[in-house]
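These notes concern the structure reproduced below.
For reference, positions follow the sequence shown, starting with 1. Values reported hereafter were calculated over all heavy atoms of this structure, with side chains retained and with hydrogens, waters and symmetry mates removed.
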Amino acid sequence: MNTINNGESHFWRNILTRTVLVIISVIIIVWFMPRSEGQQFRYDIGHPWMYGSFIAKFDFPIYKSDETLKHEQDSILKTFQPYYNYNLSIEQKQIAAFYKEFKDGIPGVPISVRAIIADRLHRLYQAGIMNAPEYNDISKDSTKMIRVVSGKEAQSLAINCIYSTRSAYEQLFQDNVLSQYRQILQRCDLNNFINPNLTYDKARSETEQNDLLSSVSSASGMVMSGQKIIDRGEIVDEYTYRVLNSFEREMKRRTSASNEITTTILGQLIYVSILITLFTIYLSLFRRDYYAKPRSIMMLYVMITIFPIFVSLMVSHNVFSIYMIPFAMVPIFIRVFTDSRTAFISHTIMVLTCAAIVKYQYEFIIVQIIAGLVAIYSLRELTKRSQLFKTAFLVTLASSAVYLALQLIQNNNVMDIDRDMYTHFIVNGILLLLAYPLMYLIEKAFGFISDVTLFELSNTNKGLLRDLSEIAPGTFQHSITVGNLAAEIANKIEANSLLVRTGALYHDIGKMADPVFFTENQVGHNPHNNMSYQESARIVISHVTEGLRMADKMNLPTVIKDFIETHHGQGMTKYFYIKYQNDHPNEVIDKKPFYYPGPNPFTREQAILMMADTVEAASRSLNEYTEESISQLVERLIDAQVNEGFFRNCPITFRDIAQAKQVLIERLKSIYHTRVSYPTLQKEEVESSQGL
């Protein structure tokens with residue numbers, strides 16, 4: 001009964017997990033999707049109309065393009081004359097201040113000059129004086145006119161007929177009389193008596209400007225109800241583009257924005273939900289084992305979610321081209337860390353999701369699907385940088401070729417093909433090279449390990465492997481031999497040979513803590529002879545925990561640490577246990593100190609390593625190396641592992657185990673083959689050949 005309840009609980013928990021993944025992914029994607037009011041069509045000048053025959057349902061104006069409207073407004077604004085108020089009191093106040101300042105005259109200058117200066121100031125104020133910055137801005141156009149308001153009258157004046165505060169001061173010294181006393185007058189700070197008497201009338205100017213702009217009509221014609229605008233397959237020209245654009249603008253004006261947005265969100269929710277649900281169903285049917293790896297599932301859903309977000313942001317802010325986004329990264333990452341079929345399904349779901357955001361879905365879907373397929377085909381495994389360069393080049397070439405083909409189908413004139421798109425594809429290919437450094441982040445974030453990392457880890461000239469070769473050379477040689485055996489088994493049963501070889505190189509690194517206590521590193525003396533069997537077992541078993549400690553210190557990936565932890569599983573150090581049992585036949589023995597902590601292997605690669613490690617170590621103790629003795633050894637050891645349940649939690653089959661046995665037997669026969677004895681030359685034959 002408990003088993004049934006546990007099974008039901010597990011079933012509903014799986015359903016809940018899948019549902020939550022779908023809901024979260026859909027909400028995140030739809031949240032970022034752009035939304036706009038009104039009926040939405042996808043069209044552009046020079047492209048065919050992809051919908052059915054379009055007939056106007058109501059009368060609406062044909063709005064001018066933004067460029068045309070802006071040009072007409074700019075033209076009429078050239079006639080605009082800003083309003084300035086003339087302030088008479090400024091002149092009176094400043095001339096009075098001048099007379100007060102120089103009531104006794106100006107030293108070094110005749111008294112009559114004071115009246116001349118006052119007269120010249122009067123003339124400047126009569127012409128009009130403006131602030132220097134404001135004057136400089138208006139005077140860029142020498143034909144510019146302004147309207148000067150004095151009381152109830154307004155008069156148009158050319159800008160070159162009035163002065164700025166600076167030009168008014170300079171005008172004083174251009175006078176024939178005043179120029180004679182220039183040096184003296186410059187010390188009098190006459191500019192203190194020159195202030196603007198023309199002030200900008202903002203309210204009146206803006207009213208006049210708005211009146212002028214409102215006189216420019218925003219429409220250049222009308223479309224009558226029932227009039228056909230365009231039919232399916234017809235090329236959208238500039239006029240039709242304006243008509244369609246005008247229709248959408250009129251729809252936005254007539255339609256309630258809130259209702260439109262609600263409808264758009266509902267459609268987006270339904271569309272994205274269908275796609276994400278299909279992806280979840282695929283995983284449930286064909287890749288159910290991924291649900292046992294939370295990080296794998298997280299990586300897959302992040303990949304199909306993050307790119308639609310990028311597209312939404314780019315479309316919303318109208319920056320760059322979406323064809324610059326390296327969508328092929330998705331199948332590359334998923335292919336490297338999982339499998340090809342999942343990579344293709346994920347890429348297809350992601351592209352179809354993005355298609356709801358972009359303008360030309362047809363072209364986008366075809367180009368990106370082809371690019372993803374090329375990426376998957378060209379990158380079966382990533383072991384060196386050059387492979388990614390090749391993939392980026394092929395993806396760029398394929399995208400360009402497909403786009404060219406589509407353009408030739410839609411447009412008979414080769415000269416009208418959009419050449420800018422090929423620049424976007426080149427940028428896309430360059431950005432695709434970022435997959436190499438980003439792969440490291442994916443590994444760290446989701447706990448994966450790529451072939452590139454495995455190759456780097458298997459370098460025996462640095463790090464822990466170099467230390468192992470120097471501190472425990474016997475263990476190092478044993479690890480290399482085990483790695484070769486395990487890799488050949490993996491190739492035979494179609495497991496990950498590179499992973500198991502790398503794991504084999506590290507599985508015994510813990511022996512570096514006490515190398516002399518392990519047979520392969522001993523030269524004559526065996527320190528176990530002077531120790532208790534429990535202590536010997538403890539030291540031997542400790543090479544697993546020491547190996548994990550060293551692996552943690554060097555930040556080795558979890559998948560490598562799993563090999564260290566499982567290569568003995570929950571096995572027993574039988575040599576010391578049997579020795580102790582023989583010496584204490586009547587004692588009830590505590591077996592716990594003689595057992596490894598485990599766990600047992602839970603992947604095929606870990607099971608392969610356990611078999612290869614056990615057989616290779618035991619093969620060194622054979623008295624003679626014959627086909628029969630090697631076969632018996634392999635059969636006995638591996639059958640014992642199967643009978644003791646070491647592979648019970650591991651997805652390895654009896655067929656795999658049988659093939660592993662065969663590989664081990666053949667390889668050990670090659671390693672320990674008997675050499676042919678070379679014959680010795682008899683003395684008589686030597687002397688005869690020398691003619692003695």
Side-chain angles (χ1 to χ4, degrees), residues 74-213:
D74 290 343
S75 296
I76 199 168
L77 283 178
K78 290 180 179 179
T79 64
F80 169 66
Q81 298 177 8
Y83 283 82
Y84 284 83
N85 293 319
Y86 181 85
N87 192 338
L88 182 61
S89 64
I90 298 292
E91 175 189 346
Q92 297 170 348
K93 181 179 178 182
Q94 294 304 319
I95 292 178
F98 170 74
Y99 274 116
K100 183 178 179 181
E101 179 74 19
F102 301 103
K103 61 183 178 179
D104 297 327
I106 302 173
V109 176
I111 190 66
S112 60
V113 173
R114 186 179 67 162
I116 295 174
I117 294 174
D119 178 68
R120 301 300 184 265
L121 287 174
H122 167 71
R123 295 182 186 183
L124 292 172
Y125 279 115
Q126 286 295 311
I129 302 174
M130 295 174 60
N131 255 325
E134 197 172 350
Y135 178 86
N136 293 336
D137 186 54
I138 298 177
S139 63
K140 291 176 182 178
D141 182 1
S142 60
T143 63
K144 185 72 176 177
M145 303 286 288
I146 65 170
R147 298 277 287 175
V148 177
V149 180
S150 179
K152 295 182 179 181
E153 295 181 0
Q155 180 183 6
S156 296
L157 292 177
I159 190 65
N160 56 8
C161 292
I162 61 176
Y163 299 96
S164 69
T165 51
R166 180 183 179 86
S167 63
Y169 179 73
E170 293 173 349
Q171 182 66 27
L172 277 176
F173 296 103
Q174 292 179 9
D175 185 85
N176 294 330
V177 177
L178 299 181
S179 62
Q180 303 175 49
Y181 308 103
R182 185 183 186 96
Q183 292 183 351
I184 298 174
L185 294 176
Q186 282 180 334
R187 293 195 293 269
C188 295
D189 293 330
L190 295 179
N191 57 312
N192 292 336
F193 308 104
I194 300 176
N195 284 343
N197 67 338
L198 294 179
T199 55
Y200 180 63
D201 190 336
K202 182 178 179 182
R204 188 174 296 181
S205 296
E206 288 183 351
T207 301
E208 179 70 17
Q209 189 174 30
N210 291 334
D211 288 343
L212 283 173
L213 291 175

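Ile111 and Gly105 get closest at one heavy-atom pair: CD1-CA, 3.5 Å. Contact between Ala154 and Arg147 at its shortest, heavy atoms only, is CB-NH2, 3.7 Å. Nearest approach of Ala127 to Cys161, heavy atoms of both residues: CB-O, 3.9 Å.
To the nearest 0.5 Å, atoms CG (Asn160) and CE (Met145) are separated by 9.0 Å. The line from CD of Gln209 to OH of Tyr83 is 12.0 Å long, rounded to the nearest 0.5 Å. A distance of 8.5 Å separates CG of Leu190 from CG of Leu178, quoted to the nearest 0.5 Å. Rounded to the nearest 0.5 Å, atoms CG (Leu157) and CG (Leu198) are 8.5 Å apart. Remark: Leu213 CG to Asp74 CG distance equals 9.0 Å, nearest 0.5 Å. Taking OG1 from Thr79 and CD from Glu208, the interatomic distance works out to 8.5 Å, rounded to the nearest 0.5 Å.
In this structure, the side chains of Tyr200 and Ile138 stay at 4.5 Å or more apart for every pair of heavy atoms. A heavy-atom distance below 4.5 Å is not found between the side chains of Ile162 and Val148. Val113 has its side chain out of reach of Gln180: every pair of non-hydrogen atoms, C-beta onward, lies at least 4.5 Å apart. Contact check for Ile194 versus Ile129: side-chain heavy atoms found under the 4.5 Å cut-off.
Residues satisfying the salt bridge (charged side-chain N to carboxylate O under 4.0 Å, His left out) criterion with Asp211, sequence neighbours excluded, are absent altogether. For Arg120, the salt bridge (charged side-chain N to carboxylate O under 4.0 Å, His left out) partners are Asp175, not counting sequence neighbours. Under the rule for a side-chain hydrogen bond (donor to acceptor under 3.5 Å, both in side chains), Tyr125 has no partner lying at least two apart in sequence or in another chain.
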Donor-acceptor list for residues 89-103 side chains, cut-off 3.5 Å, not counting sequence neighbours:
{"from": "Ser89", "atom 1": "OG", "to": "Asn87", "atom 2": "OD1", "distance (Å)": "2.5"}
{"from": "Glu91", "atom 1": "OE1", "to": "Gln126", "atom 2": "NE2", "distance (Å)": "3.3"}
{"from": "Glu91", "atom 1": "OE2", "to": "His122", "atom 2": "ND1", "distance (Å)": "2.3"}

Would you be so kind as to tabulate the donor-acceptor pairs closer than 3.5 Å made by side chains of residues 163-173, with sequence neighbours excluded?
{"from": "Ser164", "atom 1": "OG", "to": "Arg166", "atom 2": "N", "distance (Å)": "3.4"}
{"from": "Ser164", "atom 1": "OG", "to": "Ser167", "atom 2": "N", "distance (Å)": "3.1"}
{"from": "Ser164", "atom 1": "OG", "to": "Ser167", "atom 2": "OG", "distance (Å)": "3.1"}
{"from": "Ser167", "atom 1": "OG", "to": "Ser164", "atom 2": "N", "distance (Å)": "2.8"}
{"from": "Ser167", "atom 1": "OG", "to": "Ser164", "atom 2": "O", "distance (Å)": "3.2"}

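Heavy-atom contacts from other residues, nucleotides or ligands closer than 6.0 Å to CD of Glu153 number 12 or fewer.
Note on residues 122-133: pairs passing salt bridge (charged side-chain N to carboxylate O under 4.0 Å, His left out), not counting sequence neighbours, are Asp119-Arg123.
Panel note: side chain Lys144, backbone Phe80; a donor-acceptor pair is recorded below 3.5 Å. The backbone N or O of Asn176 sits less than 3.5 Å from a side-chain atom of Ser179, completing a donor-acceptor pair.
For the pairing with Met130, the side-chain contact (heavy atoms from CB on, under 4.5 Å) check across Asp137, Ile159, Thr199, Asn197 returns one residue only, Ile159.
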